[in-house]
Amino acid sequence: MQIELTDFYIRLGSIAIIIVLGFLLGKFKLISEKTNKDLTNLLLTIFMPASLFMAFPTTYSEIHANIFFAGLIGGFIVMFTVILLGKIIFNKKLYKDKNLRYESQFALAFNNATFLGYPIVVNTFGATGILAYCGFIVAFNIALFSYGIWLFQRKITWQLIRSVIFNPNIIAVLLGMTIFLLGIQLPTIITEPISYIGAATTPLSLICIGFMLSRASLLGIFKKWRLALTALIQLILGPLATFGLLKLLNFPSEVIEVCTLIQALPTATSLGLFAVKYRGDAGESAELVSISTILSVATMPLMVLLLF
């Protein structure tokens, strides 16, 4: 597979327009903090699970299954690697503030694989890329809703275990994977409304990103060198390490390209969402998401040109 750069930039431009819309809605106070929080909960519990469930092909084939499992294995390898790199790089000496240290570890491990990754992979790679993406997203979500939550709670609790087992996103991915592998054909009366719900994930999530940007001091965040350093490490080291490792392990080109592109995405908006939900305040999370999103405008095309 090859990325068509012109189409790629057009897709990024479309995404940017919706983010700007969210930014303006926030600036003109047409969206409140409460509305954004409620919308975020709906995204994490309803809209996103629906989009993940419907991401799987409706028809089973051995070739499709092989690509899916390659994406799944590659996903676990990538997640283990970036989590390990985060713990090594963002240590106590460089990041004395423990909240910022754990937020930085989260930022390197988890990017916008769902909110931005899904529409970009769909439009860039098509059906074959989605299969690799579906495999990767299983590993990503298991790590996100277990290790990602642990980074904010920093203790293993029954609530953490329960959040992994009963998380709607993980259930949706595993259920979609099971139906795909068994070749079960669901009736249109079930798949069509789920598709409609899932289709709302991309625009609503991008509006949330824009809203978060509207609440950040865009000039002030660049003065916080640790935030900028974290964002640059995440945006550059993540895709480089992913590409080199999967290439070394001789993974299929579809998996290498999809996983590398996903790792070039900005930090997940889940960082700010998790900070509010599990710690009670956003801290510098929103600013870190904001600066990562802004810098990715330059770094993401650079990674595409360099690695593809």
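Here the structure is a predicted model, which means the values were calculated and not measured.
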Subject >> Transitive ILVMFWY side-chain link Ile73 to Phe136, under 4.5 Å >> reply: yes
Original post:
Taking C-beta and beyond as the side chain, do Cys134 and Ile130 meet within less than 4.5 Å on heavy atoms?
Top reply: yes
Original post:
Less than 4.5 Å apart, any side-chain heavy atom of His64 and any of Phe180?
Top reply: yes
Original post:
Leu288 and Ala231: which non-hydrogen atoms are nearest, and at how many Å?
Top reply: CD1-N, 4.3 Å
Original post:
Got a donor-acceptor contact below 3.5 angstrom from the Thr242 side chain to the Pro239 backbone?
Top reply: no
Original post:
If you look at every heavy atom in Ala139 and Gly75, which pair is closest and at what distance?
Top reply: CB-C, 3.5 Å
**OP:** Output yes when a side-chain donor or acceptor of Tyr133 lies under 3.5 Å from a complementary backbone atom of Phe68, and no otherwise.
**Re:** no
Subject >> Gap between atom OG1 of Thr230 and atom CZ of Phe90 - 0.5 Å precision >> reply: 4.5 Å
**OP:** Looking only at non-hydrogen atoms, find the nearest pair between Ser214 and Phe211 and report the distance.
**Re:** OG-O, 2.5 Å
**OP:** Step by step, work out the side-chain contact (heavy atoms from CB on, under 4.5 Å) result for Ile207 and Phe23.
**Re:** CA-CA 7 Å; Ile207 287 173; Phe23 179 86; over 6 Å; no
Original post:
Sequence neighbours excluded, which residues qualify as ring pair (Phe, Tyr, Trp, His ring centres under 6.0 Å) partners of Phe110?
Top reply: Phe106, Phe140
Original post:
If only atom types and distance count, is the side chain of Asn111 paired as donor or acceptor with the main-chain N or O of Ile262 below 3.5 Å?
Top reply: yes
**OP:** State whether the number of non-hydrogen atoms from other residues, nucleotides or ligands found under 6.0 Å of Ile63 atom CD1 is greater than 12.
**Re:** no
Subject >> Side chain Thr201, main chain Gly198, donor-acceptor under 3.5 Å >> reply: yes
Original post:
Does the side chain of Met79 reach to within under 4.5 Å of the side chain of Tyr147, using non-hydrogen atoms?
Top reply: no
**OP:** Quick one: closest heavy-atom pair of Pro266 and Ser292, and the distance?
**Re:** CA-OG, 3.3 Å
**OP:** Kindly compute the distance separating CG (Leu240) from CD1 (Ile236), expressed to the nearest 0.5 Å.
**Re:** 7.5 Å
Subject >> Listed partners of Glu192 passing salt bridge (charged side-chain N to carboxylate O under 4.0 Å, His left out), at least two apart >> reply: none
Subject >> Pairwise distance CD1(Ile291) to CD(Gln234) - rounded to 0.5 angstrom >> reply: 11.0 Å
**OP:** Determine whether Asn169 and Leu52 make a side-chain contact, defined as any pair of heavy atoms from C-beta on separated by less than 4.5 Å.
**Re:** yes
Subject >> Single-linkage hydrophobic cluster Leu232~Leu306, side-chain heavy atoms < 4.5 angstrom >> reply: yes
Original post:
Excluding sequence neighbours, so at least two apart, what forms salt bridge (charged side-chain N to carboxylate O under 4.0 Å, His left out) with Lys29?
Top reply: none
Original post:
Just wondering, do Phe53 and Val173 contact through their side chains at under 4.5 Å, heavy atoms?
Top reply: no
Subject >> Spatial distance of atom OG (Ser104) from atom CG (Leu227) [nearest 0.5 Å] >> reply: 7.0 Å
Original post:
Given side chains that start at C-beta, do those of Leu237 and Leu85 come closer than 4.5 Å, heavy atoms only?
Top reply: yes
Original post:
Met54, Tyr196: one ILVMFWY side-chain cluster at the under-4.5 Å cut-off?
Top reply: no
Subject >> Close side-chain approach of Phe80 to Ile83, heavy-atom, < 4.5 Å >> reply: no
**OP:** Consider only side-chain heavy atoms of I, L, V, M, F, W and Y, link residues closer than 4.5 Å, and tell whether Met48 and Leu175 are in one cluster.
**Re:** no
Original post:
After noting the C-alpha distance and the side-chain angles of Glu103 and Leu271, does the key distance pass the side-chain contact (heavy atoms from CB on, under 4.5 Å) rule?
Top reply: CA-CA 7 Å; Glu103 288 171 0; Leu271 173 58; 4.1 Å; yes
Subject >> Worked check of side-chain contact (heavy atoms from CB on, under 4.5 Å) between Leu246 and Cys259 >> reply: CA-CA 9 Å; Leu246 295 184; Cys259 290; 3.7 Å; yes
Original post:
Taking atom types as modelled, is there a side-chain donor on Thr35 or Ser32 under 3.5 Å from an acceptor on the other?
Top reply: yes
Subject >> Connected via hydrophobic side-chain network under 4.5 Å: Val304 and Leu302 >> reply: yes
**OP:** Calculate, to the nearest 0.5 Å, the distance between atoms SG and CG belonging to Cys208 and Leu39 respectively.
**Re:** 4.0 Å
**OP:** Considering non-hydrogen atoms only, spot the tightest contact between Leu235 and Ala264 and give its length.
**Re:** CD2-O, 3.6 Å
Subject >> Over 12 non-hydrogen atoms of neighbours within 6.0 angstrom of CD1 in Ile189 >> reply: no
Original post:
Rounded to the nearest 0.5 Å, what separation is found between the CG atom of Asn36 and the CG atom of Leu43?
Top reply: 9.0 Å
Subject >> Smallest separation among heavy atoms of Gln263 and Val78, with atom names >> reply: NE2-CG1, 3.6 Å
Original post:
Are Phe251 and Leu245 side-chain neighbours, meaning at least one heavy-atom pair lies under 4.5 Å?
Top reply: no
**OP:** Decide side-chain contact (heavy atoms from CB on, under 4.5 Å) for Gln105 and Ile89; before the verdict, give the C-alpha distance in whole Å, the side-chain angles of both, and the deciding distance to 0.1 Å.
**Re:** CA-CA 8 Å; Gln105 292 175 7; Ile89 297 171; over 6 Å; no
